[in-house]
> 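My structure is below; once you've seen it, I'll send some questions.
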Amino acid sequence: MKASDLAALLDEPACAHNKKEKSGCARPKPGASAGGCAFDGAQIALLPIADVAHIVHGPIACAGNSWDNRGTRSSGPELFRIGMTTDLSEQDIIMGRAEKRLFHGIKQAVERYGPAAVFVYNTCVPALIGDDLDAVCKAAAERWGVPVVPIDCAGFYGTKNLGNRIAGEAMVKHVIGTREPDPLPADRAPEGVTVHNINLIGEYNIAGELWYLTPLFDELGLRILCTLSGDARFHEVQTMHRAEVNMLVCAKAMINVARKMEERYGIPWFEGSFYGITDTSQALREIARIVDDPDLIARTEAVIAREEARVRAELEDWRPRLEGKRVLLFTGGVKSWSVVSALQDLGMNVVASGTKKSTEENKARILELMGDQAIMLKSEGARDLLNAVYELEADILIAGGRNLYTALKARLPFLDINQEREFGYAGYEGMKELVRQLALTLESPVWEAVRRPAPWASRAMVVAGPEMGDSPDAEDDTPADVTSAGIARHIAPAAVGAAA
């Protein structure tokens with residue numbers, strides 16, 4: 001990829017960094033790989049397209065360390081779950097066989113699996129030796145009559161977020177606008193309702209949470225042409241240019257796709273969230289407002305009123321168990337503010353929110369929801385995170401999987417909110433699942449058990465008593481330090497407040 005193309009992706013006009021400072025997004029720093037590289041970002045952004053053969057062009061470790069690390073689900077094809085790589089060796093590189101291996105790899109994928117398309121992800125090694133990815137993909141597409149899309153996303157180009165944009169750029173350049181949508185089946189259109197087409201950009205169907213939303217869209221007569229890329233099909237990505245509205249669900253990931261579709265096809269877009277009752281209702285209202293169909297607006301308000309009343313009634317039994325609990329939310333991007341809204345709907349107190357991967361708009365939303373005194377955490381260090389937990393007296397840490405063991409070692413309740421989770425939290429139904437998981441986590445008997453002193457510690461001190469001249473018949477021979485707080489001081493000094 002040309003340096004000018006990378007610079008253009010970093011200088012995204014619609015990104016808040018440019019709006020605020022006119023400086024673009026942060027340039028990649030050598031060795032800064034925390035959070036994933038550009039290849040990782042590109043692959044996880046497109047891997048949920050279920051009927052595509054995804055080939056990683058490079059050494060096998062690139063595919064092995066990144067494949068299927070997003071808990072997306074498919075309602076049909078499972079081809080995306082087959083990890084494919086050219087598995088370049090030293091001999092391939094030295095003897096100049098890398099391009100030939102890629103060509104034959106595409107041949108094998110097409111002939112064995114019959115994919116709707118083939119996506120080829122470039123990695124560091126072939127990028128450094130100068131493989132002509134575009135030429136190989138073009139020749140393969142002509143040879144087998146299947147679209148072969150080059151995605152030049154070598155890891156050293158930059159961060160995971162840059163890789164998301166590179167993936168989106170490939171879709172805009174090679175895929176979107178290459179096919180017209182199929183006619184809507186008669187049984188999919190509600191009687192007497194005008195159907196409107198929309199896209200969801202940056203929605204990945206984590207743990208199947210997209211399926212909590214689709215019944216609402218069907219009822220309202222909103223046809224989702226494509227979700228880029230949760231539970232998507234290649235032909236759906238091709239038809240995205242016929243939507244009336246684009247909703248950007250994960251802002252920093254593919255904001256370039258939304259902006260370019262507005263420039264090329266005149267499709268308006270907005271950033272929204274489906275986490276929490278309030279934000280789900282607001283997203284539905286915004287779609288109806290942009291479509292500007294009075295009948296759709298009226299029906300949307302009716303559906304919102306019905307669903308909010310139903311869900312709030314069902315949550316009444318749970319609310320007293322969660323109300324007033326103090327939460328430290330350590331995630332990034334859209335979840336840094338959208339989950340805040342969901343927790344506030346439950347009466348929980350979000351004491352701080354992480355902003356490592358958040359845009360300026362995300363931070364503004366946090367301030368809007370939490371007030372001017374909102375605490376925003378930037379550091380990713382385990383010690384800094386735990387210090388914040390103890391200082392703010394948080395009852396639970398809601399974060400990504402990489403923070404799981406940090407929380408467990410501190411004997412702190414933890415809920416996974418990121419892409420590896422097993423439960424979907426989007427929409428009105430997802431809110432019920434979020435409440436259930438929060439209550440199960442906070443009320444688990446394990447926390448009381450792990451915060452008590454070990455039984456053998458008390459017995460050991462009592463047995464040692466007579467040797468120190470103490471009476472074995474004394475009612476309280478245990479030294480004062482053999483208490484929950486005393487043991488906590490030796491094991492985890494900062495955990496005393498949490499244990500108490």
Side-chain angles (χ1 to χ4, degrees), residues 1-2 4-5 8-9 12-15 42-43 45-54 77 80 106 115-122 133-135 137-142 144-153 163-185 188 195-205 217 222-251 253-271 287 290-291:
M1 179 174 286
K2 296 179 180 178
S4 58
D5 295 333
L9 290 172
E12 172 57 46
C15 184
Q43 189 188 38
L46 299 178
L47 196 62
I49 303 177
D51 59 351
V52 166
H54 300 267
F80 73 108
I106 296 170
V118 177
F119 287 0
V120 178
Y121 302 86
N122 205 24
L133 192 70
D134 288 355
C137 291
K138 182 179 179 181
E142 292 174 353
W144 288 287
V146 173
V148 182
V149 180
I151 303 161
D152 189 3
C153 53
N164 295 155
R165 294 187 186 180
I166 290 173
E169 191 74 10
M171 297 299 98
V172 172
K173 182 178 179 180
H174 298 288
V175 183
I176 296 173
T178 58
R179 172 180 172 152
E180 293 300 314
D182 294 332
L184 185 69
R188 286 285 307 279
V195 175
H196 300 279
N197 296 326
I198 66 170
N199 294 319
L200 302 179
I201 300 174
E203 164 52 56
Y204 300 108
N205 196 31
F217 288 120
L222 294 171
R223 178 190 186 188
I224 302 177
L225 281 182
C226 181
T227 56
L228 192 63
S229 56
D231 196 21
R233 309 290 182 265
F234 181 73
H235 73 273
E236 294 174 347
V237 183
Q238 292 177 293
T239 65
M240 289 179 68
H241 63 298
R242 292 306 182 195
E244 298 173 56
V245 181
N246 282 329
M247 177 176 169
L248 196 59
V249 181
C250 189
M254 294 191 186
I255 193 171
N256 55 321
V257 176
R259 177 183 62 82
K260 290 194 173 184
M261 290 183 69
E262 183 175 38
E263 292 175 355
R264 295 186 183 185
Y265 308 110
I267 304 173
W269 61 276
F270 73 99
E271 180 188 356
I287 291 172
I290 295 176
V291 170

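Only this structure's heavy atoms are used, side chains among them; waters, hydrogens and symmetry mates stay out.
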> Looking only at atom types and distance, does a side-chain atom of H196 sit under 3.5 Å from a main-chain N or O of I287, one as donor and one as acceptor?
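A pair under 3.5 Å: no.
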> If you look at every heavy atom in P48 and F80, which pair is closest and at what distance?
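Closest approach of P48 to F80, heavy atoms only: CA-CD1, 4.3 Å.
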> Do I166 and D152 come within less than 4.5 Å of each other through their side chains, counting heavy atoms only?
no
> Report the C-alpha separation of F270 and V245 in whole Å, then their side-chain angles, then the decisive distance to 0.1 Å, and conclude whether the side-chain contact (heavy atoms from CB on, under 4.5 Å) test is met.
CA-CA 8 Å; F270 73 99; V245 181; 3.9 Å; yes
> Look up atom CZ in F234 and atom SG in C226, then write down how far apart they are to the nearest 0.5 Å.
10.5 Å
> Just how far is it from atom CE of M254 to atom CH2 of W269, taken to the nearest 0.5 Å?
14.0 Å
> With sequence neighbours excluded, tell me which residues meet side-chain hydrogen bond (donor to acceptor under 3.5 Å, both in side chains) with D231.
S75, W211, R233
> With side chains defined as the heavy atoms from C-beta onward, is the minimum distance between V257 and I176 less than 4.5 Å?
yes
> Grab the two heavy atoms, one from H235 and one from T239, that are nearest each other, plus how far apart they are.
O-CG2, 3.2 Å
> Taking only residues two or more places apart in sequence or in another chain, which ones pass ring-ring contact (aromatic ring centres under 6.0 Å, His included) with H241?
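With sequence neighbours excluded, H241 shows a ring-ring contact (aromatic ring centres under 6.0 Å, His included) to Y265, given in chain and number order.
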> Quick one: are F119 and I49 in side-chain contact, heavy atoms under 4.5 Å?
yes
> Has E244 got a side-chain atom pairing as donor or acceptor with N197's backbone, closer than 3.5 angstrom?
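Yes; judged by distance alone, with no hydrogens or angles, the pair exists.
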> R264: which residues meet the salt bridge (Lys or Arg N to Asp or Glu O under 4.0 Å) condition with it, sequence neighbours left out?
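Listed in chain order: nothing, the list is empty.
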> Only counting residues at least two apart or in another chain, list the ones meeting side-chain hydrogen bond (donor to acceptor under 3.5 Å, both in side chains) with Q238.
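Partners of Q238 under the side-chain hydrogen bond (donor to acceptor under 3.5 Å, both in side chains) test: T178.
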> For A140, enumerate each residue passing the side-chain contact (heavy atoms from CB on, under 4.5 Å) test, keeping only those at least two apart in sequence or located in another chain.
F103, I106, W144, V148
> Measure the CG-NE2 distance between L46 and H54 for me, rounded to the nearest 0.5 Å.
7.0 Å
> Distance-only, no hydrogens or angles: does the N199 side chain make a donor-acceptor pair with backbone N or O of M240 under 3.5 Å?
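Checking the backbone N and O of M240 against the side chain of N199, a donor-acceptor pair under 3.5 Å is found.
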> Indicate the atoms forming the closest heavy-atom contact of A117 with V146, along with that distance.
CA-CG1, 3.8 Å
> Y204 and A45: which non-hydrogen atoms are nearest, and at how many Å?
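Minimum heavy-atom contact is CE2-O, 3.6 Å.
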> Indicate the atoms forming the closest heavy-atom contact of Y121 with A42, along with that distance.
CE2-O, 3.9 Å
> Checking D134 side chain against P150 main chain: does a donor-acceptor pair fall under 3.5 Å?
no
> Using a 3.5 Å cut-off and no angle test, enumerate the donor-acceptor pairs between side-chain atoms of residues 167-175 and protein atoms at least two apart in sequence or in another chain.
| unit_1 | atom_1 | unit_2 | atom_2 | d |
| --- | --- | --- | --- | --- |
| E169 | OE1 | N256 | ND2 | 3.4 |
| E169 | OE1 | K260 | NZ | 3.0 |
| E169 | OE2 | K260 | NZ | 2.4 |

> For residues I255 and R165, determine if any side-chain heavy atom of one lies less than 4.5 Å from a side-chain heavy atom of the other.
yes
> Verify, without hydrogens or angle tests, whether T227 (side chain) and L200 (backbone) share a donor-acceptor contact under 3.5 angstrom.
no
> Please name all residues satisfying side-chain contact (heavy atoms from CB on, under 4.5 Å) with R242, sequence neighbours left out, ordered by chain then number.
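E180, P181, L225.
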